[in-house]
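Everything numeric in this text was worked out from a predicted model, so none of it was measured.
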Amino acid sequence: MKHGWVSLTEIARTQHLSLGAARRLAEREHWPKVFKQHETFVLPRHEKTLPSSDRAAV
């Protein structure tokens with residue numbers, strides 16, 4: 001997967017959200033989604049929503 005994609009589970013964990021809240025955030029922000037068998041990945045548009053481990057790479 002290309003750089004920048006983050007799992008919804010990771011978004012939920014780093015932003016202190018429930019998985020449902022992370023899904024709603026992704027839908028509200030219209031982030032592109034990739035559905036894998038056990039996980040959904042999103043491509044956040046704004047650096048502030050990325051997990052801190054990914055911010056340094058942006």
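Partners of E27 by side-chain hydrogen bond (donor to acceptor under 3.5 Å, both in side chains), not counting sequence neighbours: none found.
The minimum heavy-atom distance linking G4 with P44 is given by the pair O-CD, 3.7 Å.
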- Message: Does L8 form a side-chain contact (heavy atoms from CB on, under 4.5 Å) with L19? I'd like the steps, not just the answer.
- Response: CA-CA 7 Å; L8 281 181; L19 185 56; 3.9 Å; yes

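The shortest distance between side-chain heavy atoms of T40 and S7 does not fall below 4.5 Å. The shortest distance between side-chain heavy atoms of V34 and W5 falls below 4.5 Å.
The NZ atom of K33 lies 9.0 Å from the CZ atom of R23; values are rounded to the nearest 0.5 Å. Atom CG of L43 sits about 9.5 Å away from atom NE2 of H3, to the nearest 0.5 Å. Taking CD of E29 as the reference point, atom CZ of R24 lies at 13.5 Å (rounded to 0.5 Å). Rounding to the nearest 0.5 Å gives a distance of 7.0 Å between CZ of F41 and NZ of K36.
Although no hydrogens or angles enter the test, the distance criterion places no donor-acceptor pair under 3.5 Å between the side chain of R45 and the main chain of P32.
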